[in-house]
Amino acid sequence: MTDDFVQIREGRSEDAPRLATLFRQSWELTYRGIIPHAHLECMISRRGTEWWTSSLAAPEPPLVLDAGGVIAGYATCGMARLPGPYRGEIYELYLEPVYQGLGFGERLFEAARYRLDMRRLRGLIVWALEENEAARRFYLRRGGRPVARAVERFGHARVPKVAFGWE
């Protein structure tokens, strides 16, 4: 595949319907059996086209991975939400399931890191649910090291998560 086939760019308003679909598909695949069903469905339903339209109008919209004219993934990043040595954070990085395992995630990850570097946000942190083995392996392969653990609550369920850090 050539670089012309895969491009990473800032999302645009017309990407909203596709991002809503991609979000649903990737979250259903990734978190089914990890996040309690009712909570997962509620979280997904909040991220419809209207939500994405608003997100894409922000001063720094999500990055999207465009594969031959199809939005195949997205990433969001910015200032780390918790104080500490890691100033930048990748909040979300998801690919449509059919595009996973093709190296596109790495390209999207590096584009998000570059965006954070351009904002001079040194040190990177990314959180992943502990049961999300694919994400944990992905971040370890990218050179991340576990630096913190916490628990995410979904109603009565307590789901452990791990933070990966890069200096």
Side-chain angles (χ1 to χ4, degrees), residues 1-16 18-20 22-23 26-27 30-31 43 46-96 99-130 132-153 159-167:
M1 279 179 240
T2 67
D3 284 340
D4 293 339
F5 180 77
V6 176
Q7 298 177 4
I8 297 173
R9 61 173 172 78
E10 288 192 346
R12 302 184 289 250
S13 60
E14 61 267 22
D15 299 329
R18 176 71 183 123
L19 285 168
L22 189 155
F23 180 83
S26 62
W27 274 56
T30 302
Y31 299 118
M43 293 167 76
R46 288 188 222 147
R47 291 279 197 101
T49 301
E50 188 174 306
W51 187 94
W52 283 102
T53 299
S54 175
S55 178
L56 291 162
E60 202 165 74
L63 294 170
V64 298
L65 186 134
D66 182 317
V70 175
I71 304 303
Y74 76 92
T76 61
C77 60
M79 188 172 291
R81 294 173 280 192
L82 297 175
Y86 306 100
R87 303 280 320 277
E89 181 174 350
I90 295 177
Y91 309 129
E92 295 180 274
L93 191 152
Y94 291 98
L95 292 173
E96 180 179 357
Y99 290 95
Q100 294 176 7
L102 302 174
F104 296 158
E106 182 175 346
R107 291 180 69 174
L108 196 50
F109 177 82
E110 291 303 326
R113 284 185 74 167
Y114 180 77
R115 178 184 264 186
L116 294 170
D117 285 347
M118 291 297 97
R119 291 188 56 199
R120 300 189 193 288
L121 295 172
R122 302 292 184 233
L124 169 64
I125 195 165
V126 178
W127 288 91
L129 295 182
E130 203 166 273
N132 185 349
E133 292 180 34
R136 288 184 17 241
R137 285 192 310 269
F138 176 82
Y139 294 124
L140 286 169
R141 283 194 313 271
R142 306 277 78 69
R145 295 292 167 246
V147 296
R149 294 190 182 284
V151 173
E152 189 83 26
R153 295 184 68 101
V159 180
K161 62 183 182 177
V162 61
F164 294 89
W166 291 258
E167 295 292 326

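In this chain, residues are counted from 1 in sequence order.
Heavy atoms of other residues, nucleotides or ligands lying less than 6.0 angstrom from CZ of R87 number 12 at most. In E14, the CD atom is crowded: over 12 heavy atoms of neighbouring residues, nucleotides or ligands sit closer than 6.0 Å. Residue R120 qualifies as open at atom CZ: its count of foreign heavy atoms under 6.0 Å is 12 or below. Other residues, nucleotides and ligands place more than 12 heavy atoms under 6.0 Å from the OH atom of Y91. Heavy atoms from other residues, nucleotides or ligands lying under 6.0 Å from CD of E50 number 12 at most.
Ring-plane geometry between Y139 and F164 is classed as tilted, the angle between the planes lying from 30 to 60 degrees on a 0 to 90 degree scale. A tilted orientation is assigned to the rings of F23 and Y74, their planes being inclined by 30° to 60°.
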Item checked: Intermediate values then yes/no, side chain to side chain contact (heavy atoms under 4.5 Å, CB included), Y86 and R122 -> CA-CA 7 Å; Y86 306 100; R122 302 292 184 233; over 6 Å; no
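By the side chain to side chain donor-acceptor pair (under 3.5 Å) test, D15 is found to be paired with R9, residues two or more places apart in sequence or in another chain being considered.
Judged by distance alone, with hydrogens and angles left aside, the side-chain atoms of T30 form no donor-acceptor pair with the main-chain N or O of W27 at under 3.5 Å. Within the 3.5 Å criterion, the main-chain N or O of L95 finds a donor-acceptor partner in the side chain of Q100. One N or O on the side chain of R136 and one on the backbone of E130 form a donor-acceptor pair closer than 3.5 Å. The main-chain N or O of W51 is never found under 3.5 Å from a side-chain atom of S55 such that the two would form a donor-acceptor pair.
R107 and V6 get closest at one heavy-atom pair: NH2-O, 3.5 Å. The shortest heavy-atom contact between G73 and L108 is C-CD2, 3.9 Å.
Using a 4.5 Å cut-off on side-chain heavy atoms (C-beta onward), L93 and V126 make no contact. With a 4.5 Å cut-off on side-chain heavy atoms, P146 and L140 count as touching. Using a 4.5 Å heavy-atom threshold, the side chains of Q7 and L65 count as separate.
For the pair R113 and F109, the cation-pi test (distance below 6.0 Å, angle within 45°) is failed.
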